[in-house]
Peer 1: 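Mind looking over this structure? Questions follow.
Nothing here was measured: the structure is a model prediction, and the numbers come from that model. No hydrogens, no waters, no symmetry mates; every other heavy atom, side chains included, goes into these values.
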Amino acid sequence: MRRLRNRLAGALLSVLALSLTASGCGGSSEAAPGGGDPTSSTAGASVANRVEPLARRPEPRLPVTVPSADGERVTVRAAERIVPLSGSLSEIVFTLGLGDRVVARDVTATFEQAAKLPVVTRGHDVSAESVLSLRPDLVLAETTSGPEEAVDQIRAAGVPVLFVEAAKGLDDVGPRIGAVADALGVPAAGKELTRRSEQRIEAVRGDVPHGQEPGVAFLYLRGSASVYLIGGKDSGAGSLIEAAGAVDAGAASGLDKDFTAITSEALVKAAPDAILVMSKGLESVGGVDGLVKIPGVAQTPAGMDRRIVSVEDGVLLNYGPRTDQVLKSVVAQLYGEDGAK
């Protein structure tokens, strides 16, 4: 997932050097909420595999010159062939109602409307050749998109590249939508989508049970590469966890870095009541049965209760138009559909 991968790059390099044992890897699955059937793939609220475009399709008014998050100013003269280099940016373009102008996708843009578009990434890196072969008139990138050489090559070919600040939390939903909408010449649609997204997020927050504040640890798992990390202060999940009425157990235990290699000591200190994971990561360690075999997990309240919250990789930390659905899924799995554990 590009959203999480961008935060993990440095942490993974060091952890991979220390990780020597491997386990199997598979597809995606979801865990049941609060000690329910761990094999269930339908537990809790799910996130729709489609984005919901605005009711009224906007018409871009171009050219525009807008600030790019890399410090440059970018002039966009046309937006007929758009290439977003992250799943989150793709979601924004499609939800604004301009999905028919998107000619390619990043590997993390897995929602239904974008699924058949050609992929312009190799593994987790942007392929300049693949992008340029599609003759784009605008490329949308995250500040963490790369490699830098590939982005420079795209720009050198005369294609405008607009950088958008990578999301870190719920407060970034509106600014990111606004940045994309302004670049596409549809600022009014951006304001409408921002308003809709923020209202829906607030509606979910209003349904969060009060007074429980469970501790939730965000674990990044890739069993096939023996990567097992616990999120800390800057993991990107803290904002979502807090919006769900919970406490980020990793950050609260004193983990100041974004991610730290999982140890029994770290997990016991964090003592999470629930564990938040990405669905593919959960499957890569053998589901809930495999997760509780990771040293330290079984000794936590979450492990003992098998209280696992699982959300699809491609949407968990996107902080975009579907964030209300992500939050609703986390809340439903964390407390149960009736709001009680």
Peer 1: Are L117 and V103 close enough that some pair of their side-chain heavy atoms sits under 4.5 Å apart?
Peer 2: no
Peer 1: What's the separation between atom CD1 in I230 and atom CG in L267, rounded to the nearest 0.5 Å?
Peer 2: 5.0 Å
Peer 1: Has the side chain of R155 got a donor or acceptor atom that lies under 3.5 Å from a matching backbone atom of V161?
Peer 2: yes
Peer 1: Quick check: do E52 and R200 have side-chain heavy atoms less than 4.5 Å from each other?
Peer 2: yes
Peer 1: As a quick check of understanding, evaluate side chain to side chain contact (heavy atoms under 4.5 Å, CB included) for V76 and L184, giving each step before the final call.
Peer 2: CA-CA 8 Å; V76 180; L184 297 178; 5.8 Å; no
Peer 1: Taking Q333 for its side chain and S310 for its backbone only, find out whether a donor-acceptor pair lies under 3.5 Å.
Peer 2: yes
Peer 1: To the nearest 0.5 Å, what is the distance between CG (D100) and CZ (F94)?
Peer 2: 8.5 Å
Peer 1: Determine whether more than 12 heavy atoms belonging to other residues, nucleotides or ligands lie under 6.0 Å from atom CG of D171.
Peer 2: no
Peer 1: In Å, rounded to the nearest 0.5 Å, how long is the span from NZ of K328 to OG1 of T323?
Peer 2: 14.5 Å
Peer 1: Can you confirm whether L96 sits close enough to V180 that some side-chain heavy atom of one is under 4.5 Å from a side-chain heavy atom of the other?
Peer 2: yes
Peer 1: Counting N and O atoms only, with roles assigned by atom type, does the side chain of D182 sit under 3.5 Å from a partner on the main chain of A179, one being a donor and the other an acceptor?
Peer 2: no
Peer 1: Any Lys/Arg nitrogen of K168 or E142 sitting under 4.0 Å from an Asp/Glu carboxylate oxygen of the other?
Peer 2: no
Peer 1: Counting distance only, does the side-chain N/O of Q299 pair as donor-acceptor with the main-chain N or O of S264 below 3.5 Å?
Peer 2: no
Peer 1: Quick one: does any side-chain atom of R101 pair with a main-chain N or O of I82 as donor and acceptor, under 3.5 Å?
Peer 2: no
Peer 1: Could you tell me if the side chain of E165 sits less than 4.5 Å from the side chain of P175, heavy atoms only?
Peer 2: no
Peer 1: Decide yes or no for T95 and R322: does some side-chain heavy atom of the first lie under 4.5 Å from some side-chain heavy atom of the second?
Peer 2: no
Peer 1: Does Y220 use its side chain to pair, donor to acceptor, with the backbone of S235 at less than 3.5 Å?
Peer 2: no
Peer 1: Any chance you could measure T263, atom OG1, to I294, atom CD1, to the nearest 0.5 Å?
Peer 2: 12.0 Å
Peer 1: Under the side chain to side chain contact (heavy atoms under 4.5 Å, CB included) rule, what do K269 and L255 come out as? Steps first, then yes or no, please.
Peer 2: CA-CA 10 Å; K269 185 176 181 181; L255 296 178; over 6 Å; no
Peer 1: Charged N to carboxylate O under 4.0 angstrom, E242 versus R205?
Peer 2: no
Peer 1: Is there a donor-acceptor contact under 3.5 Å from the side chain of R81 to the main chain of L134?
Peer 2: yes
Peer 1: Are side-chain heavy atoms of V131 and V159 found at a separation under 4.5 Å?
Peer 2: no
Peer 1: Between V126 and V139, is the side chain to side chain contact (heavy atoms under 4.5 Å, CB included) condition met? List the steps.
Peer 2: CA-CA 11 Å; V126 177; V139 170; over 6 Å; no
Peer 1: Closest heavy-atom contact between G97 and P53?
Peer 2: CA-CB, 4.3 Å
Peer 1: Between S68 and F163, what is the shortest heavy-atom contact and its length?
Peer 2: OG-N, 2.9 Å
Peer 1: Rounded to the nearest 0.5 Å, what separates atom OG in S239 from atom CG in D172?
Peer 2: 8.0 Å
Peer 1: Of all the heavy-atom pairs spanning V292 and A298, show the shortest one and how long it is.
Peer 2: O-CB, 3.4 Å
Peer 1: Side chain of R105, backbone of G87: donor and acceptor closer than 3.5 Å?
Peer 2: no
Peer 1: For side chain to side chain contact (heavy atoms under 4.5 Å, CB included), just list the numbers for R307 and L334, CA-CA rounded to whole Å, side-chain angles, deciding distance to a tenth of an Å, and then say yes or no.
Peer 2: CA-CA 8 Å; R307 194 178 184 186; L334 187 58; 4.1 Å; yes
Peer 1: Heavy atoms only: give me the nearest T144-A166 pair and the separation to one decimal.
Peer 2: OG1-CB, 3.9 Å
Peer 1: Checking T194 against E198: is there a side-chain donor and acceptor pair closer than 3.5 Å?
Peer 2: no
Peer 1: Indicate yes or no for a side-chain donor-acceptor contact from Y228 to the backbone of P295 under 3.5 Å, with no hydrogens or angles considered.
Peer 2: no
Peer 1: Quick one, L291 and R306 - any side-chain contact, counting heavy atoms below 4.5 Å?
Peer 2: no
Peer 1: Decide yes or no for T143 and D70: does some side-chain heavy atom of the first lie under 4.5 Å from some side-chain heavy atom of the second?
Peer 2: no
Peer 1: Using 4.0 Å as the upper bound for N to carboxylate O, is an ion pair formed by R222 and D313?
Peer 2: yes
Peer 1: Between D324 and S197, do the side chains contain a donor N or O and an acceptor N or O under 3.5 Å apart?
Peer 2: no
Peer 1: Can you give me the closest heavy-atom contact between A270 and S253, atom names plus distance?
Peer 2: CA-CB, 3.7 Å
Peer 1: Calculate, to the nearest 0.5 Å, the distance between atoms CD1 and CD belonging to I201 and Q325 respectively.
Peer 2: 11.0 Å
Peer 1: Indicate if V247 and V216 have the same hydrophobic cluster label, given that clusters are the connected sets of ILVMFWY residues with side-chain heavy-atom separations under 4.5 angstrom.
Peer 2: no
Peer 1: Return the minimal non-hydrogen interatomic distance between L89 and A141, and the atom names on each side.
Peer 2: CD1-C, 3.6 Å
Peer 1: State whether the side chain of S88 and the backbone N or O of N318 hold a donor-acceptor pair below 3.5 Å, judged by distance alone.
Peer 2: yes
Peer 1: Within the supplied structure, the quantity of interest is the number of heavy atoms (other residues, nucleotides, ligands) at a distance under 6.0 Å from R61 CZ; does it exceed 12?
Peer 2: no
